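Computed from a prediction, not measured in an experiment: that's the story for all the values here. Throughout, a chain's letter reflects where its sequence line sits, starting with A, and its residues are numbered from 1.
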Protein chains: 2
Amino acid sequence: MVGKERLEKARERVIETIAQNIHLYGLTPSAGRQFGTMYFHDEPMTLDDMTEELGMSKTSMSTSVRALSNVKLVERAWKRGVRKDLYQVTDDWYQSFVDLFSIKWRRSVSLHTNAVRRSLTELEELVKEPDISEELKIEAKADIEKLRYLRDYYDWLDRLVDAFEDQEIFNLVPIKNSSIDK
Amino acid sequence: MVGKERLEKARERVIETIAQNIHLYGLTPSAGRQFGTMYFHDEPMTLDDMTEELGMSKTSMSTSVRALSNVKLVERAWKRGVRKDLYQVTDDWYQSFVDLFSIKWRRSVSLHTNAVRRSLTELEELVKEPDISEELKIEAKADIEKLRYLRDYYDWLDRLVDAFEDQEIFNLVPIKNSSIDK
DNA sequence: TAGTTTGTACAGAAAAAACTGTACAAACAA
DNA sequence: TTGTTTGTACAGTTTTTTCTGTACAAACTA
């Protein structure tokens, strides 16, 4: 096998692994392949570059590059004299992980917290009323307990996201750089 | 609105929010609804209970309860005299989060690490060979740099999963219990 | 033993998601 | 101004996923 092919194969293996795992980021394998391709491409790429490289429609490239941008895996680049939009992979993967974590979970926490708060208020009202059956009251109280547990849980999750965003997580789990040894 | 309905509505709101967010766990909204329903159901449920409660086929209940078990959101229960399989929601949501995190990311890290290691070895072989073009050598060296970066990154991710599994994350972000105050 | 009950494999139907080609607006060039 | 180029909205097609009903094996009952 010639050298160029071996290089290509080494790249493809990693790109395909990214494609098969990017569902953890809520993205499709196609978007993952696009991301992987961009990672090994030294220069920022245009939508047309991607169309050519991946053999897919420009429309697809446009939509998935936006999906990648939304989770901050890809960013706009600029190069003088180039009129087309340019995109490149965000260079700090640790930060990308934190951003992803934050984007995904913060939203979820917010939605849950709202729902739980509203339901909790309603049930706390309910049990106060004098003319409800004893049976219902017991059930409502059990639910209130559960909702308080959820409230605490989502509060924890929120603080967890804080810890990621504030870079505190890197104190607990430091980044090591293996190339320092060389 | 009568009391029972108000209770029901308060539950439904939370269940639906869970359903809409459970994609973060790689599960479908249906599975999320099932999970939510089980959470507010005080007794462990059988597949037939779920079929009735959710108005879906027993086959669906069977497959999604397995999906929920796989990520440890649901576990088998036992009650004397009941022949049907019983399931209930795992009661420690913090642990569930940790388990999910671990299951999902550990697998991803392992796959990536393997791919990166193999490709790295191949490229390190490649650049050693004397009869390859200078151009190719430069490209391969650039890729090697990138792969080393990935190796470090996945090593960090692996240690991050360790920190979750070893409960160290709870030192950084402690669980608070709001009901203690009352 | 034979007769139920229970859970799931499997094939097909229904629903959802991904992808493409066309069309067009916005930005730029001349 | 008119003529290009570029990115994306949108409708329709293809592919994938989810859901259902049937069939059947394993476990239990009598």
- Message: Do Thr46(A) and Asp49(A) pair up side chain to side chain, a donor and an acceptor below 3.5 Å, judged on atom types alone?
- Response: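 Indeed, the side chains of Thr46(A) and Asp49(A) share at least one donor-acceptor pair under 3.5 Å.
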- Residue pair Gln34(B) / Ser64(B), side-chain donor-acceptor N/O under 3.5 Å: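 Indeed, the side chains of Gln34(B) and Ser64(B) share at least one donor-acceptor pair under 3.5 Å.
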- With a 4.0 Å cut-off, would you call Glu12(A) and Lys9(A) a salt bridge? no
- Message: Assess whether a salt bridge exists between Lys137(B) and Glu129(B), defined as any Lys/Arg side-chain N lying under 4.0 Å from an Asp/Glu carboxylate O.
- Response: no
- Task: Among the candidates dT8(C), dG7(D), dC19(C), find the nucleotide nearest to the side-chain atoms of Lys58(B).
- Result: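 Taking heavy atoms from C-beta onward, the closest nucleotide is dT8(C).
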- Arg83(A) side chain: which of dC28(D), dC19(D), dT5(D) is closest?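 Closest nucleotide to the Arg83(A) side chain: dT5(D).
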- Task: Tell me whether the OP1 or OP2 atom of dA17(C) has a side-chain N or O from Thr28(A) closer than 4.0 Å.
- Result: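 Result: no.
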- Between dG21(D) and Thr59(B), is there an OP1 or OP2 to side-chain N/O distance shorter than 4.0 Å?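 No, because none of the side-chain N or O atoms of Thr59(B) sits under 4.0 Å from OP1 or OP2 of dG21(D).
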Could you state the [atom1]-[atom2] distance from [X] to [N], rounded to the nearest angstrom?
X: Arg76(B); N: dT6(C); atom1: CZ; atom2: P; value: 14 Å
X: Arg33(A); N: dA18(C); atom1: CZ; atom2: C1'; value: 12 Å
X: His23(B); N: dT17(D); atom1: NE2; atom2: P; value: 17 Å
X: Leu86(B); N: dT6(C); atom1: CG; atom2: P; value: 11 Å
X: Asp85(A); N: dA26(C); atom1: CG; atom2: C1'; value: 12 Å
X: Leu27(A); N: dA18(C); atom1: CG; atom2: C1'; value: 13 Å

- Message: Please give me every residue in residues 40-57 of chain A whose heavy atoms get under 4.0 Å of an atom in DNA chain C, ordered by residue number.
- Response: Met56(A), Ser57(A)
- For ring pair (Phe, Tyr, Trp, His ring centres under 6.0 Å), just list the numbers for Phe97(A) and Trp105(B), CA-CA rounded to whole Å, side-chain angles, deciding distance to a tenth of an Å, and then say yes or no. CA-CA 12 Å; Phe97(A) 183 88; Trp105(B) 288 100; 5.1 Å; yes
- DNA chain D contacts made by residues 61-74 of chain A, counting heavy atoms under 4.0 Å: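 Heavy-atom cutoff 4.0 Å gives Ser62(A), Arg66(A).
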- Message: Using every non-hydrogen atom in the two residues, find where Asn21(A) and Thr17(A) come nearest and quote the distance to one decimal.
- Response: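 Here Asn21(A) and Thr17(A) meet closest at ND2-O, 2.7 Å.
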- Task: Check Lys72(A) against Asp99(A) and note the closest heavy-atom contact, atom names and distance.
- Result: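 Closest approach of Lys72(A) to Asp99(A): CD-OD2, 3.7 Å.
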- Task: State, with a plain yes or no, whether a side-chain heavy atom of Arg159(B) is found less than 4.5 Å away from one of Leu172(A).
- Result: no
- Task: Would you mind telling me which of Arg106(A), Arg151(A), Arg107(A) makes a salt bridge (charged side-chain N to carboxylate O under 4.0 Å, His left out) with Asp158(A)?
- Result: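 Only one of Arg106(A), Arg151(A), Arg107(A) forms a salt bridge (charged side-chain N to carboxylate O under 4.0 Å, His left out) with Asp158(A), namely Arg106(A).
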